[in-house]
Protein chains: 2
Amino acid sequence: MKYAILFGGASFEHEISIVSAIALKKVLKNIGSFIFLDADGDFYQIAEKNMKSTHFSEGGYKKEEKLTITKGGFLKKGLFKSGMLEGFDVVINLVHGAQGEDGTLASLLDFYGIKYIGPRKEASVVSFNKWFTKLYAKGVGLKSVEYILLDINRKREIPFDLPVIVKPLRLGSSIGVSVVKEKDELDFALDVAFEFDDEVLVEPFIDGIEEYNVAGCKTGEGWCIGTIESPKKEGFLDFEQKYMDFSRTESIANTDIDEGLQKELVNSFKKVYANLFEGALVRCDFFVKDGEILLNEINPIPGSLANYLFDDFSECLDKLSGSLPKKRVIKPDYAYIGLVQSAKGPKTGSGR
Amino acid sequence: MKYAILFGGASFEHEISIVSAIALKKVLKNIGSFIFLDADGDFYQIAEKNMKSTHFSEGGYKKEEKLTITKGGFLKKGLFKSGMLEGFDVVINLVHGAQGEDGTLASLLDFYGIKYIGPRKEASVVSFNKWFTKLYAKGVGLKSVEYILLDINRKREIPFDLPVIVKPLRLGSSIGVSVVKEKDELDFALDVAFEFDDEVLVEPFIDGIEEYNVAGCKTGEGWCIGTIESPKKEGFLDFEQKYMDFSRTESIANTDIDEGLQKELVNSFKKVYANLFEGALVRCDFFVKDGEILLNEINPIPGSLANYLFDDFSECLDKLSGSLPKKRVIKPDYAYIGLVQSAKGPKTGSGR
């Protein structure tokens, strides 16, 4: 199986996606193409030797070959000849944040019939919008932290005691997120969050809560589940700390989590993944509170796809690629249209 | 305001969309372009005189000018010259069913920066998936009919007494839907529904329940709400009956619905519409049971946009066009990327 890595995107996680692609290059041997989506919405084919951060931050990528997304793939348009980008079977959607995780690229790839690893549009919408994640959690029988949804145009009333955690509704990362411990910090935290979204989620902040990350995917040959990780952190991780993760490539040791809990976490993961996330390798972040598992968030494109959690990362992707969701092909037969008199137009009285 | 009507699509409602576009042509004076998306995913500019059903059913449209969706609009590619399709300010997404109502076209139009009337991707996903509609209804404080979700690979256990109504999870119409009155009809009805989707929703069927349709949109100048309609029907409408609606162009008389109920219905409509459906003119179908309002379904692109319910349909669209949701422009500043040592590559030791 040969892969094309699609990265970049017009999002606050644009840079993180670049870092993630560079990390993936180190751990996956079978990458045939690197496709960069810049913030203006243009696609470029990036030569492997140019996969370093300055090539993007300094704009060097603009000298590389431009691509157009089209039916069945990406079109290279040279001055004198054009042809399809070759050298891959499946695209890995590694565009973190907006465009990549909100369903936009999933829609484009589906529309143009390009095979890809990544969340489909429903899965994207459910995981990108933190409110929908909670509604979905409830729907599959899982709990999540209680919350209130605030609108930029309405009153800022919060029914929880401090500390609370304030999150823009739709960002796929910790950007714009703050923990508020003192009453006089609340308005500022909300102002910051509303910079990023017109809707903001506020939850009670539970300091020192046990957190567990479970990553995996369902393939035609069964489940691939990574080592469960309990991220060690002091209080709340900021953007910078958290996203050093995107450049991680060293696999972690087995953690000493109780076996019963591990089973429960995996079961919860499978409930979340169910059918909705088919085609994607995702990471679910769970809390455990008073012995109960709560879904915190679903990361449908984890940084470098959480390679460091898997013993057999490459094999896992290959299996996933072999069992991507298929679209039902729909062809109209025009059997119905003749029935609607008014649609026929004045000159077609054939009675079809 | 000049409109381009986008219709067709690879869906079971392909033909219905054609009928809907022909009807809209009759009621809207300011249509500058007709853009047809055929089942193969190709866009065509259709001359106004060719807007009749046989032009599509007989394939005549293939002789018209092909369009490519691109940044800022649709590109016409003549043999000797190419240029952007002109004559419109805003696209009306009139692709009913898959692609149009599931978020695919919303994503494409957003990605390419084309202004449009129609549900955005989150709104599409929530209304297209009938289970998500129920989860969302709960989230905004509305009830819906109880249900069970069945998976094609699991046991067919239904906890309700007959009659029940069986619905494929994701079709935007009555296709594949059956009312089951006798026990020995159930398996066949499920087989039919599973033809269209791997997940099927089963609800108790409440014969003779009061049904009310509320259509409208939120604009910068306030709400436009159409006349509330209580569709008169005998039992369950099949596909054919229901979709004669798509060719309706005659406005309806005011209905004699109790004023208090009308207010409650409009309030429920506004709760559903909230922010999620901004940019779209939608129709919500409500049930009233024991004096309580239940959300039945959200139609985010009603047939010919339910023009017949509005006194001022054209004005309403113009107002909506003037207040379409704006995307936040995100430009990376590459401030973060220099921090990640491993992303820099071997040749850039500048310490940036």
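Chain letters run A, B, ... following the sequence lines, proteins first, then strands; residues in each count from 1. Small disclaimer: the values here were computed from a predicted structure and weren't measured.
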Q.
So which residue, B/Thr68, B/Asn129, B/Thr70, B/Leu105, ends up with the most heavy-atom pairs under 4.5 Å with chain A?
A. B/Asn129

**Q.** Residue, of B/Ala106, B/Gly9, B/Ser107, that accumulates the most heavy atom pairs under 4.5 Å with chain A
**A.** B/Ser107

Q) So which of A/Ile69, A/Asp110, A/Asp102 has the largest heavy-atom pair count under 4.5 angstrom toward chain B? A) A/Asp102

Q. In terms of heavy-atom pairs under 4.5 Å with chain B, which of A/Asp38, A/Asn153, A/Asp40, A/Val126 leads?
A. A/Asp40

Between [X] and chain B, which part of the residue has a heavy atom less than 4.5 Å away: side chain, backbone, both or neither?
| X | result |
| --- | --- |
| A/Lys121 | both |
| A/Leu109 | neither |
| A/Phe132 | side chain |

Q. Run the side chain to side chain contact (heavy atoms under 4.5 Å, CB included) check on A/Leu276 and B/Trp131 step by step: do they pass?
A. CA-CA 12 Å; A/Leu276 189 63; B/Trp131 179 39; over 6 Å; no

Q.
Is it the case that the side chain of B/Lys71 and the backbone of A/Asp42 share a donor-acceptor pair, with hydrogens and angles ignored and the cut-off at 3.5 Å?
A. no

Between [X] and chain A, which part of the residue has a heavy atom less than 4.5 Å away: side chain, backbone, both or neither?
| X | value |
| --- | --- |
| B/Tyr112 | side chain |
| B/Tyr136 | both |
| B/Asn275 | side chain |
| B/Ile152 | neither |

Q | CD on B/Glu122 to CZ on A/Arg170, rounded to 0.5 Å | A | 4.0 Å

(Q) Looking at B/Lys138, I'd like to know if its NZ atom is crowded, meaning that more than 12 non-hydrogen atoms belonging to other residues, nucleotides or ligands lie closer than 6.0 Å. (A) no

